Amino acid sequence: MPPETSDVDDACSVIDSLEQIGSQWRLIVLHDLQEGEKRFNELKRSTDASSRTLSRVLDDLQDLGFVNRRLEEDAPVATFYSLTPKGRSLCPVFDEIEEWADEWLEATPTGEDPASVATDGGAEGDSAGAGDGEK
């Protein structure tokens with residue numbers, strides 16, 4: 001059975017979004033700029049990106065409308081970066097990802113339902129070994 005048009009449209013929206021923000025470095029920079037405006041060297045330090053990578057990523061994010069670039073020409077010359085409204089609109093997405101990671105990655109690295117891990121005490125092998133003696 002072929003997928004419904006709305007399912008295809010939803011998948012395309014996700015794919016289109018990931019093409020814009022989905023690279024590791026873009027996500028790191030966007031997440032880091034949630035804290036506010038930063039100079040290039042501050043971003044370099046906090047993200048651990050090379051100068052070349054960071055420069056390329058910031059240019060891409062600026063071209064895509066996620067990041068503002070502000071040049072301060074006083075001595076010493078400084079370049080500052082901040083999120084645009086489009087970039088700031090991703091803040092709730094990062095919050096949701098963080099909540100998801102706290103629930104699913106740290107508590108249940110094997111992909112078990114966190115609720116079932118909490119009810120069985122989280123002991124390894126409890127659910128697998130529960131029926132061993134009942135043969």
Side-chain angles (χ1 to χ4, degrees):
M1 177 181 266
E4 293 186 27
T5 304
S6 64
D7 292 342
V8 173
D9 290 344
D10 290 346
C12 290
S13 296
V14 170
I15 290 167
D16 291 345
S17 300
L18 289 176
E19 285 177 357
Q20 288 196 11
I21 63 170
S23 82
Q24 173 188 355
W25 289 112
R26 287 181 187 178
L27 289 170
I28 289 170
V29 169
L30 288 167
H31 184 262
D32 204 51
L33 284 173
Q34 288 184 101
E35 298 172 10
E37 185 178 68
K38 291 190 174 186
R39 294 174 101 159
F40 183 87
N41 285 336
E42 289 176 301
L43 281 168
K44 188 172 179 285
R45 250 189 325 274
S46 63
T47 63
D48 252 357
S50 70
S51 294
R52 182 177 178 185
T53 297
L54 183 57
S55 181
R56 180 185 46 80
V57 167
L58 287 166
D59 287 346
D60 290 348
L61 289 172
Q62 186 179 1
D63 290 346
L64 291 166
F66 289 101
V67 171
N68 285 319
R69 179 178 183 254
R70 180 174 67 86
L71 186 62
E72 201 168 275
E73 296 190 23
D74 298 334
V77 174
T79 307
F80 293 87
Y81 295 90
S82 61
L83 294 177
T84 63
K86 182 179 179 180
R88 282 192 303 275
S89 71
L90 290 170
C91 291
V93 175
F94 283 112
D95 292 342
E96 288 288 326
I97 291 171
E98 186 174 349
E99 287 178 27
W100 177 86
D102 289 346
E103 180 177 351
W104 287 95
L105 298 183
E106 293 175 17
T108 61
T110 60
E112 298 171 76
D113 182 353
S116 69
V117 172
T119 59
D120 71 10
E124 289 187 34
D126 280 357
S127 59
D132 287 349
E134 300 177 17
K135 291 185 180 179

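Just so it is clear, the structure is predicted and the values come from calculations on it, not from any experiment.
Atoms CZ and OG1, from Arg69 and Thr84 in turn, are 15.5 Å apart once rounded to the nearest 0.5 Å. Between the CG atom of Leu90 and the CG atom of Asp95 there is a distance of 11.0 Å, given to the nearest 0.5 Å. To the nearest 0.5 Å, the span separating OG on Ser55 from CZ on Phe40 amounts to 5.5 Å. Note that the NE2 atom of His31 and the SG atom of Cys91 stand 8.5 Å from one another [nearest 0.5 Å]. Considering CG of Leu58 and CG of Asn68, their distance stands at 11.5 Å, rounded to 0.5 Å. With rounding to the nearest 0.5 Å, the separation of CG in Asp32 from CZ in Arg45 is 11.0 Å.
Residues Trp100 and Glu96 fail the side-chain proximity criterion, which asks for heavy atoms closer than 4.5 Å.
A cation-pi arrangement, defined by a distance under 6.0 Å to the six-membered ring centre and an angle within 45 degrees of its axis, is absent between Lys38 and Tyr81.
Under the side-chain contact (heavy atoms from CB on, under 4.5 Å) criterion, Ile28 pairs with Gln24, Trp25, Thr47, sequence neighbours left out.
Checked options Thr53, Asp60, Val57; the residue passing with Val29 is Val57 (criterion: side-chain contact (heavy atoms from CB on, under 4.5 Å)).
Leu33 and Leu27 fall within the same hydrophobic cluster, where Ile, Leu, Val, Met, Phe, Trp and Tyr residues are linked whenever their side-chain heavy atoms come under 4.5 Å apart, directly or through other members. Placement of Phe66 and Phe80 in two distinct hydrophobic clusters is found when ILVMFWY residues are connected by side-chain heavy-atom separations under 4.5 Å, directly or transitively.
The two residues Ser50 and Lys44 have their closest heavy-atom pair at C-CE, 4.3 Å. Scanning both residues, Glu73 and Leu71, for their nearest heavy atoms gives OE2-CD2, 3.7 Å. Nearest heavy-atom pair, Gly65 versus Lys86, reported as atom, atom and distance to 0.1 Å: O-CB, 3.5 Å.
When atom types are taken as modelled, the side chain of Arg26 and the backbone of Glu19 share a donor-acceptor pair closer than 3.5 angstrom.
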